[in-house]
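See structure below.
In listed order, ligands and their atoms are each counted from 1. Bear in mind that the values here come from a model prediction, so they are computed numbers and not experimental data.
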Amino acid sequence: MKKIISVVGARPNFMKMAPIHKQLLKHKKKVIHKIVHTGQHYDKKMSDVFFKDLGLPKPDIFLGIGSKSHAEQKALIMIELEKVIKKERPDLVIVYGDVNSTSAATLVCTKQSDDMLPAIPVAHVESGLRSFDRSMPEEINRLVTDVLADYLFVTEPSGVRNLQKEGISDKKIFFTGNTMIDSLITLLPLIKKSDILKELCISEKNYALITLHRPSNVDSKQNLSKVISIIKSINNISPNSDIVFPVHPRTHKMLEKFGLTKELTNIKNIIITEPLGYFDFMRLVTTARFILTDSGGIQEESTYLKIPCITLRENTERPVTAELGTNTITGLDERAVKKFLGQIEKGTYKSGKIPKFWDGNSAERIVKVLLEKI
Ligand code: UD1
């Protein structure tokens, strides 16, 4: 019997892992799959609710690390995870996306241990994405993970090109698609059953959906003020639309710190909520009139659902969403945002196409490769 461990820690990891877990269960005579949760995200609304909505079992091991500085958080994950790896000696570890837990776990596994035991092979799901912006903590996590991991599973063609340019052998690169989209496709019937529209008293296609949590947008008072001004301008272009904004804990903290909470809550038509579970949030995505975001995953989910998405960042590591999908990168340029919102109102905004292999079968392709390798 082979043993695979998935290491996850933050909200976006969970939907990327769920389809892999389900696929591995189909091979339970050959392989046992254990889940290690680092505790990078720990609030019920940032973690437990996702395990429940995604049909995941409770993690086998919970490291309970919590929020710390980047160095402290990664160091503590490494210390605790090393103990787990020494005890479990898995045949493979799978890491997901680009969060601190991803790179910390990769560093632990890919190094031969002190007692000369061989390194543990690592598979990286959502490999090869690059924003080419090293001020983003996620970009550092991607670079570290990809240079060390053994099997690199890529979601879009740019990922393959980036890895090749970095000199990574083709033998390690597998273009298999997007497991987060697998989760979306599988769970769409349940997502549609969410009552969140009724609860918020809003109607389909008559609300904008906002999500913001990037340090570059929310950790500076100047940029957070610019973002609030952009949100305000929605009322000029789309005066009858509601504006739904589930606020991430980081953003909540910063709004309070900079004394900007009132300015946000006073915006006409705005509905502020706590972070939402997977079903409720994705229900909002499916019939939003448009989305304003700085999230990575939402650029992809909106592309799959063909919902217009304006990304308040200077760059994206997911260029296929802008080249082929419904995403547009505007940064904090209010004039550009208004221009595209105008197009959405007039019905002239691009309609988008679904990228290759975003078809619900990515986890199956990944697990097929992994079972051949271990
Ligand atoms: C992390 C990831 C980011 C991902 C995001 C999704 C890194 C470097 N960043 O950013 O890539 O897009 O998760 O949400 O890994 N907090 C809570 N409860 C929680 C978790 C966090 O209140 O359960 C608060 C804490 O005050 C913390 C802050 O949110 O200091 C930020 O959390 P952290 O995990 O450091 O970064 P995120 O901004 O969530």
Next on the checklist: Please determine whether side chain to side chain contact (heavy atoms under 4.5 Å, CB included) holds for the pair D98 and L129, giving the CA-CA distance in whole Å, both sets of side-chain angles, and the decisive distance to 0.1 Å.
Outcome noted: CA-CA 9 Å; D98 54 16; L129 297 180; over 6 Å; no

Next on the checklist: Could you go through F281 and I298, starting from their C-alpha distance and side-chain angles, then the distance that decides it, and tell me whether this counts as side chain to side chain contact (heavy atoms under 4.5 Å, CB included)?
Outcome noted: CA-CA 10 Å; F281 183 74; I298 295 162; 3.6 Å; yes

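The closest approach between a heavy atom of K45 and any atom of ligand 1 is not below 4.0 Å. Note on ligand 1: H70 sits in its first shell, one or more heavy atoms being nearer than 4.0 Å.
Of the options R11, E138, K253, R250, the smallest heavy-atom separation from atom 35 (O) of ligand 1 is shown by R250. Here atom 27 (C) of ligand 1 lies nearest to S67 when heavy atoms of S101, G297, S103, S67 are compared.
Under a 4.0 Å N-O distance rule, the pair K338/E334 qualifies as a salt bridge. Salt bridge annotation for R134-E138: absent, with no cationic side-chain nitrogen under 4.0 angstrom from a carboxylate oxygen. Using a cut-off of 4.0 Å between Lys/Arg side-chain N and Asp/Glu carboxylate O, K356 and E156 are scored as not salt-bridged.
In terms of protein heavy atoms, atom 18 (N) of ligand 1 is closest to D43 OD2, 2.9 Å. In terms of protein heavy-atom proximity, atom 8 (C) of ligand 1 is closest to N100 OD1, 3.3 Å. Considering only non-hydrogen protein atoms, atom 7 (C) of ligand 1 sits nearest to Q40 NE2, 3.6 Å. Nearest non-hydrogen protein atom to atom 12 (O) of ligand 1 is H213 NE2, 2.9 Å. Atom 24 (C) of ligand 1 has its closest protein heavy atom at P249 CB, 3.6 Å. Nearest to atom 2 (C) of ligand 1 among the protein's heavy atoms is V99 CG1, 3.8 Å. Counting only heavy atoms of the protein, atom 37 (P) of ligand 1 lies nearest to H248 CE1, 3.8 Å.
Between E126 atom CD and M180 atom CE the span is 7.0 Å, to the nearest 0.5 Å.
S67 and Y42 share a donor-acceptor pair across their side chains, judged by distance under 3.5 Å alone.
With a 6.0 Å cutoff to the six-membered ring centre and a 45° limit on the axis angle, R365 counts as a cation-pi contact of F357.
If you look at P12 next to ligand 1, the close heavy atoms, those under 4.0 Å, all belong to the side chain. At a heavy-atom cutoff of 4.0 Å, ligand 1 is contacted by both the backbone and the side chain of H41. Of the heavy atoms in M46, only side-chain atoms (C-beta onward) come closer than 4.0 Å to ligand 1.
When ring centroids are compared, H37 and F51 come within the 6.0 Å threshold.
Shown here are the salt bridge (Lys or Arg N to Asp or Glu O under 4.0 Å) partners of K205, two or more places apart in sequence or in another chain: there are none.
Considering both main-chain and side-chain atoms, K68 never comes within under 3.5 Å of ligand 1 through any nitrogen or oxygen pair. For the pair N141 and ligand 1, the shortest N or O to N or O distance does not fall below 3.5 Å.
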